[in-house]
Amino acid sequence: MYKNIVANFFGRSISIILIVCLTPLYIDILGFEAYGIIGFFATVQSLFALLELGFPLALNRAIARFTGGESNANEMSSLLRGFESIFFIIAAILFLLSLPLAIFFASSWFEFEKLSYDTVVSSLTAIFVLGAIRFPIGLYLAVLAGLQKQVLMNFWLVFFVVLRLGAATLFIAIIEPDIVAFFMIQIAMAVLEVFVVRLSAWRSDAAFNRYSKIEWPIVLNQLKFAASVGLISIFGVLITQVDKLMVSGSLSLEMFGHYSLISLFGLGLATLGYPISNAIFPQLSKLHALGKVDEMIELFWKNLRLVTVLIMPIGLSVVFFSDDAISYYLGQALQREIGLAFSVFLVASVFGALRPVPYSMLVAAGDTNLILKFYGFSILIYPLVLYILLVNMGIVGASIGFFFMQLISLMTFLICSLYQLRIQSIFKLIFVKFITPFFLCLLISFLSSFLIRKIGADSHLIINLAVVYFLTASILFNYMYSKDERASFAILVIKQSKKLFGSLA
């Protein structure tokens, strides 16, 4: 399991680091309006995920249960063939809608001054085509994840994100600073990506047969679970993306570029919770199929603590240096409100990073009703609250709305998962294992950043952040783990380090 966690972290981290490193270049070469279009592409990808309707997660869960002996390879082959047939049809429809959607957003949604209308339409068309081509990829990655081949899954993720972004970036940096060409090159790379990842998924198990007959009763048997998870996914994506949609439609494309920059770091931090949840989800599904509740509880707590110790100090360490971080990153100072929005968004993203573990536990157990009810209520209230905050406070208001939505979502998922596991003293556990660690991190980060500004005001930003992070993480680690657990962890690190250096030698 730890191999998969490391692979997932590596895959997510490389993608995030690459995008973070390239963003100043995009802004410098193309400008904030064009970067707003690049930020919109991330929103489009998330919205296209709505159309997955829970199919990849249902396939992941079915294949994980297949490894536990619940079904055979012929049934899995039929299920995968049926699912991919549906996905290819959806991708074709999205492709046909690319130009009409681009014209709508260019004419009725965005406000722009520096880019021409034709450039915006062409860029948006390329964005929708790119999203349509890459749409089936999530299905094939779910196969690799369900079979616990997450090292291979992350290899393809890293390889193709480097290929797509690398080729596109080299073109605009060396040949021509053209936002349309930036996406056209990625389209060419995406065609290759779909072909390779599909072939890898079908070859991931020797017994899979990509020419097998589709048994629709087997496919339909999974649709109920897929529909339930899909509805949750739709609500989840809407809740995480509605702020971007409302900012893009209410403010200028340049201001949306600023908000996209904030979201880049915040959502990049939030996605760091998924490597752990993705690694444990197949195992949780398998344990639930075998009725091993005690082992599910142990796995749940172990990994919730792990993601807390790894992620929480990262976000809170940057909060008190937000203005300095933005200035250092872009090489220019932006409005004060952007730094404030950045701080709020970072804290919100810490909550977002903790959410995937309880969510994975609930989905693995097949208990999704409470989440559906919560999301159904939230999707009615959240946009209204967000609109009021956005109109009165701009992007700071949008960040505050996002903050409360992430916090409330996390608490709901956590309470539901503890209830599902029939754990006693739920609110006491939440206070001890979530509320106290959060305020402890916040306090240590504030005090250490305050002292650094007073004592070493001239030290480099990276050094300041590193000091605050390691101090915060060390104290949190000592709080979350017992003395025996810390000793066991140290022994494990030493053994793995010796094994690593031994293999290198």
Side-chain angles (χ1 to χ4, degrees), residues 19 22-23 25-51 90-135 164-165 167-169 171-173 175-191 234 237-238 240-264 267 338 383 386-387 390-391 394-395 398 402:
I19 294 172
L22 292 176
T23 293
L25 183 64
Y26 296 155
I27 294 172
D28 183 54
I29 294 175
L30 300 172
F32 261 112
E33 275 197 351
Y35 181 69
I37 294 179
I38 295 175
F40 183 69
F41 172 57
T43 301
V44 168
Q45 284 189 303
S46 298
L47 292 176
F48 275 15
L50 295 176
L51 301 175
I90 296 174
I93 294 172
L94 292 174
F95 181 84
L96 294 174
L97 291 175
S98 296
L99 182 57
L101 286 172
I103 293 173
F104 166 75
F105 278 99
S107 303
S108 307
W109 195 263
F110 288 119
E111 297 178 13
F112 49 90
E113 296 177 357
K114 298 175 183 177
L115 297 176
S116 69
Y117 175 80
D118 290 341
T119 298
V120 174
V121 170
S122 299
S123 300
L124 293 176
T125 303
I127 282 176
F128 289 118
V129 170
L130 178 57
I133 292 173
R134 299 193 70 249
F135 181 70
R164 282 188 290 108
L165 292 180
T169 303
F171 184 91
I172 64 170
I175 300 176
E176 184 180 1
D178 185 354
I179 184 65
V180 179
F182 176 81
F183 289 111
M184 294 300 294
I185 291 172
Q186 292 194 60
I187 288 173
M189 300 299 105
V191 173
I234 289 173
V237 171
L238 286 175
T240 56
Q241 297 300 323
V242 69
D243 59 318
K244 288 81 176 172
L245 283 174
M246 293 181 70
V247 170
S248 67
S250 302
L251 303 178
S252 67
L253 189 55
E254 182 175 0
M255 186 57 70
F256 178 62
H258 292 150
Y259 194 73
S260 297
L261 177 66
I262 294 170
S263 303
L264 167 67
L267 296 180
I338 295 175
L386 192 60
Y387 176 76
L390 181 59
V391 168
I395 63 172
F402 184 77

CZ of F183 to CZ of R164: how many Å apart, nearest 0.5 Å?
11.0 Å
Donor-acceptor contact present, side-chain S122 to main-chain T119, <3.5 Å:
no
With rounding to the nearest 0.5 Å, note down the distance linking CD1 in I37 to CZ in F105.
12.5 Å
Go through it in stages, so that I can follow the logic: the residues are L165 and Y26, the test is side-chain contact (heavy atoms from CB on, under 4.5 Å), and I'd like the CA-CA distance, side-chain angles, deciding distance and then a yes or no.
CA-CA 11 Å; L165 292 180; Y26 296 155; 4.0 Å; yes
May I have the step-by-step check of side-chain contact (heavy atoms from CB on, under 4.5 Å) for I103 and Y117, ending in yes or no?
CA-CA 9 Å; I103 293 173; Y117 175 80; 3.8 Å; yes
Residue pair L94, F128: steps toward the side-chain contact (heavy atoms from CB on, under 4.5 Å) verdict
CA-CA 7 Å; L94 292 174; F128 289 118; over 6 Å; no
Work out which heavy atom in V247 is nearest to a heavy atom in A398; give both atom names and the distance.
CG2-CB, 3.9 Å
Rounding to 0.5 Å, atoms CG (L124) and CG (L101) come to a distance of 9.5 Å
Specify the closest pair of heavy atoms between A132 and A91, including all atoms of both residues, with the distance to one decimal.
O-CB, 3.4 Å
Take a 6.0 Å sphere around CE of M246 and say whether it holds more than 12 heavy atoms from other residues, nucleotides or ligands.
yes
What distance separates I172 CD1 from T169 OG1, expressed to the nearest 0.5 Å?
5.5 Å
F171 atom CZ: more than 12 heavy-atom contacts under 6.0 Å
yes
Between CG of L130 and CZ of F182, what distance do you get to the nearest 0.5 Å?
9.5 Å
Could you walk me through whether I179 and I38 pass side-chain contact (heavy atoms from CB on, under 4.5 Å), step by step?
CA-CA 9 Å; I179 184 65; I38 295 175; 3.8 Å; yes
Closest non-hydrogen atom pair between I185 and A168, with its separation
CG2-N, 3.8 Å
To the nearest 0.5 Å, tell me how far Q186 CD sits from I127 CD1.
9.5 Å
To check you understand the geometry: which heavy-atom pair defines the closest contact between D178 and L30, and what is its length?
N-CD2, 4.2 Å
